[in-house]
Each structure stands twice: as structure tokens, then as C-alpha cells.
Amino acid sequence: MCMGRVLLGVTGGIAAYKACELTRLLVRAGHEVTPILTPEAERFVAAQTFEALARREMPRELFPHLVEADLLVIAPLSANTLAKLAQGLADNVLTQTALAFDGPVLAAPAMNPRMWAHAATRANVELLRSHGVELVGPEEGDTAEGEVGMGRMSEPEEILERCRSLVEKRDQLRGRRVLITAGGTREPLDAVRFLGNRSSGRMGAALAAEARRRGAEVTLVAANLSVPAPVGVDVVPAPTAEELARETLARGDADVVLMAAAVADYRPADPQAGKSPKDGDSWTVTLEPTTDVLRELGVRRTNGQLLVGFAADVGERGLERAREKLEAKQVDLIVFNDIARDDIGFDAAENEVVLVSADGERQLGKAAKERIAAAILDAVAERLGAA
Ligand code: CTP
């Protein structure tokens, strides 16, 4: 069991009572817990309750030693504090600590389902993710106001499990160079039009954030991301297949390469200069093949590099093709994603994938892309002997 110094932030909301149980579980698991309640949280549960459970006083100001902790977990995280964290406000000890702390942060949002669904909260959540904050929940269920919907805080056991994983894996990939490609390339037809695809870059961004949380030195080769890239990651823009091939192959000596980008297999052979006018005639475009970057990496690799490919395909036959690719492209692992379903995959927050390797297959249940990213990196670490 790997123990850590855990800062437990508690914000105002009825779920604050569940944070008492989380404190108890963290202490029982051997962690050193420092509770930090916001003034709003103290209206729901007395700080004394947490102090008794944690056997530690709650700091009333931002002491320098606080920021040396191994993990900051905020449970529950209210819509209000979520917005403050997204914007970097520091108006109480918890928000000050969060701003001064550069270690891993786990947050368990809990709020009314309509607040969770609001465009302002959605935007704040994307910002928090891009700051590298890992979110757990919220879950669907009954809320305090008697409504059913997305907004209930995850159970303390689930949060404990994520804390354990974050503390245990914080140095797992330290010293390793991890190269990740993400997003979808755009191949110019003329100066304003392009051929593109539906990839948002969400999966690749989640992988980059997770690799960073595990201490890796991360480079993200980014093709037209529609989500922000995580902080602490070196971002290299590569909007076309050609640029992506060049930037990726130039960094082909990384310890791990995760090819999550949707790279065009073909591009217009003869893109027009300027904007092609509309003249009522049909427009015939000849497409020429692009470099298969993954295949090229497989051919070139000389060190013990770990190579992970992604396959977006349909059904059992697609899975079969993913198995074939493993050998054809000489990669260690293929992450197979069934694109026949529209509740997962492209531009969705969730995914359900199968990890295909020479030693077998592992089906990962439907989960947030952060969880899928963590499972992929678990498999990577295992293969590197770092798990
Ligand atoms: N890939 C790549 N370079 C390309 C195209 C794809 O590196 N020009 C990578 C993707 O990043 C992904 C994997 O290859 O990791 C996908 O394999 P691919 O064979 O392209 O899959 P599909 O296009 O889905 O299948 P196929 O081409 O066999 O129809």
C-alpha cells in the first residue's frame, strides 16, 4: 500500500456529509489527511467532525507546507467552486491551495443536474480538464432536491480508489518520454476547403493529461483539436497528414508512442491555389495516399519503444481487422473502438474499447475517456515493467 499526504477539500453542498466517510476511508487506508473546508461547507458539516476523523486540524490559512502534499482531492466540488477553480480565483483557503498546488488534483463534482448541464459549467469542466484536473463522476441518480439526473457525487469508495491510483502512480512514468498524436487531420482541397474527419482529440488529450499525472515527459502532436490541450504538455501543431507525419517521425525515438490521431489515409493530389469558384460543373478530386505513420514507426523502431495504435472500425469484422493490424504494423497494442455506436467514440465524452495485444484481448466497459486513458496507460506501464 502506497500512502500519501492528501489534502481533502470540501465545498458547500449536501454531499459534504459523504466526505466524512471519505475521510474515514482515506485515514484507514493509511493516508495522512488534511481537511480544508470552504466557509459554505461549514454550513453543512462542522470542521470539527473532519478534524476528529482525520486527527488533524484544519488549516485556517495557506501554510507553505500544504502545497507539498501528494494529492488534492475535492469532494464534493460544487458548481460555484468549480467555476472559481476554472478561472483561478483564490478567495478562501481551499481555492488558494488549489491555485498554489501543482501536484495531482482529483475532483468529485456534485450539483443539481441542471447546473451540471449548463453551458457555463460545461465550459468550466473543459477548462479544469485542460488544467490536468481529473474528474470522478458525477453519477446519475436521485439528487437532494428529489430530482433524478446527472449530478450526484460518486460514492466515497470509488473516490478512494481513484485517490489510491493517483498516489500510487504519480511517478510511474517519470523519466519516460511519451509521444501522443491526437485530433483529426484536414487535407486542403483549396485555400478554404478541406477533407476532414470527426475526431475531436478528446481521447488523445485525456491520454496526455494522464501520462503527465504519472510523471512522464509528454509531447502532444495536435491535429485540429476541438478541446484544449492539457497544461504541462509540449504541444506541436500538425494540421495535415503530411505535417503530422513529419512532426511525429522527427520525435520517433520516444519511449512510448500513442497514435490516437485520426490521420487521413488519402489527401487531394492537387489542392487548388486560392478559392475554387462555383461554376455549376462537377468537381472531380483525385486522392493520393498519405504516409502511414504508425506503420513507418513500426518499421523504424530500434529501441525497446512501445507502440500503440488505434483502430476505429465496425463490429466483429472490425475487431478482426484490428488483430491483423497488430502484426501488419508491428505494434504492441491496438485500441479498438467500434464506431457503429454513436453514444461513444467520436466527439463523445465516453468510450468503450477493446485492448488488443499479442497476449490477448481486454474489453474495457463503457467509461469516461479519462478512465479509458488510465486503463490504456496501465497496460502501457505493465509492458514497460513500470507497473
Ligand atoms: N495512422 C497513421 N497514419 C495514417 C493513417 C493512420 O499513423 N496515414 C494510424 C492512426 O493514428 C491509428 C492507426 O493508424 O493509430 C489506424 O490504423 P488504420 O490502418 O489507418 O486504420 P483504418 O484507417 O481505420 O483502417 P484501414 O486503413 O485498414 O481501412
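When a ligand or atom number is given, it counts from 1 through the structure's own listing order. Quick caveat, the model's predicted, so the values are computed rather than measured. Every heavy atom of this structure was used, including side-chain atoms; hydrogens, water molecules and symmetry mates were not.
- When heavy-atom distances to ligand 1 are checked against a 4.0 Å cut-off, Val263 comes that close through both its backbone and its side chain.
- With hydrogens left out, the protein atom closest to atom 14 (O) of ligand 1 is Lys329 NZ, 3.4 Å, a heavy atom.
- Of all the atoms in ligand 1, the ones that sit under 4.0 Å from a non-hydrogen atom of Gly309 are 15 (O).
- Looking at atom 10 (C) of ligand 1, its nearest protein heavy atom turns out to be Ala261 O, 3.5 Å.
- Atom 13 (C) of ligand 1 has as its closest protein heavy atom Phe310 O, 3.0 Å.
- Residue Arg162 forms a side-chain contact (heavy atoms from CB on, under 4.5 Å) with just one option from Leu135, Val136, Val73, Val167, and that option is Val136.
- Under the 4.5 Å side-chain contact rule for hydrophobic residues, Val256 and Ile376 share a cluster.
- With a 4.0 Å heavy-atom cut-off, ligand 1 is reached by the backbone of Ala312 but not by any atom from C-beta on.
- Lys325 NZ, 3.0 Å is the protein heavy atom nearest to atom 25 (O) of ligand 1.
- Ligand-side atoms of ligand 1 in range of Ala264: 8 (N), range being under 4.0 angstrom from any heavy atom.
- Nearest protein heavy-atom neighbour of atom 3 (N) of ligand 1: Val293 N, 3.0 Å.
- Remark: of the listed residues Arg212, Arg213, Arg214, Arg371, Arg213 is the sole one forming a salt bridge (Lys or Arg N to Asp or Glu O under 4.0 Å) with Glu134.
- At least one heavy atom of Arg321 sits less than 4.0 Å from an atom of ligand 1.
- The pair Glu217-Arg174 does not meet the salt-bridge criterion, since no charged nitrogen lies less than 4.0 angstrom from a carboxylate oxygen.
- The protein heavy-atom contact nearest to atom 5 (C) of ligand 1 is Asp265 OD1, 3.2 Å.
- The shortest N or O to N or O distance between Val308 and ligand 1 is not below 3.5 Å.
- If you number the atoms of ligand 1 from 1 as listed, the ones under 4.0 Å from a heavy atom of Thr290 come out as 8 (N).
- Using a cut-off of 4.0 Å between Lys/Arg side-chain N and Asp/Glu carboxylate O, Arg152 and Glu139 are scored as not salt-bridged.
- Put simply, Leu166 and Leu85 are part of two different groups of oily side chains (I, L, V, M, F, W, Y) that touch within less than 4.5 Å, one to the next.
- Within the 4.0 Å heavy-atom cutoff, Thr291 counts among the residues contacting ligand 1.
- With respect to the salt-bridge test (charged N to carboxylate O, under 4.0 angstrom), the residues Glu126 and Arg202 qualify.
- Atom OH of Tyr266 sits in a sparse spot, with 12 or fewer heavy atoms from other residues, nucleotides or ligands closer than 6.0 Å.
- Taking atom 7 (O) of ligand 1 as the reference point, the nearest protein heavy-atom neighbour is Leu294 N, 2.8 Å.
- Heavy-atom neighbours of Met58 CE from other residues, nucleotides or ligands within 6.0 Å: above the threshold of 12.
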